[in-house]
Amino acid sequence: MLRPKIPTMPTPTGLITPPAVVEPTTVLQHHPAPTPAPAPVASSRPTVQLTPGAVLALIGAGTAVVLVVGAVLVSMLLAVAVTGASVAVCAVVLRSLLASDAKRR
């Protein structure tokens, strides 16, 4: 009842190349001797131990970074806002100058 239709491949056009002849080759199986796994080396780096003073210094440095980045972003936003307002004022002044010049003629 529900049989899928399999598309038939159209006959190829153009040059048809004969199939390549594949010559069998012998496969040599060589099993190398397994090498022993190296023993894990103890790390020579000392572990980081945070003292309460170091934790307070990290918190203070993080707070300072957040405040500085926030101040820079707010100042950039303020610069964009001031520039937009000044361009709007210039546009209004030019529009009024052009409109008054057109009325005088």
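It should be emphasised that the depicted structure is a prediction, and the values quoted were computed from it without experimental measurement.
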### Task
Determine whether Val69 and Leu73 make a side-chain contact, defined as any pair of heavy atoms from C-beta on separated by less than 4.5 Å.
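Counting from C-beta outward, Val69 and Leu73 do come under 4.5 Å.
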
### Over all atoms of both residues, closest heavy-atom pair of Ala79 and Thr83
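Scanning both residues completely, I find the closest heavy atoms to be O-OG1, 2.7 Å.
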
### Message
Starting from Val68, can I reach Val65 by hopping between I/L/V/M/F/W/Y residues whose side chains sit under 4.5 Å apart?
### Response
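Cluster IDs for Val65 and Val68 differ.
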
### Query
Is Leu50 reachable from Ile59 through a run of I, L, V, M, F, W or Y residues, each pair having side-chain heavy atoms under 4.5 Å apart?
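Ile59 and Leu50: one cluster.
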
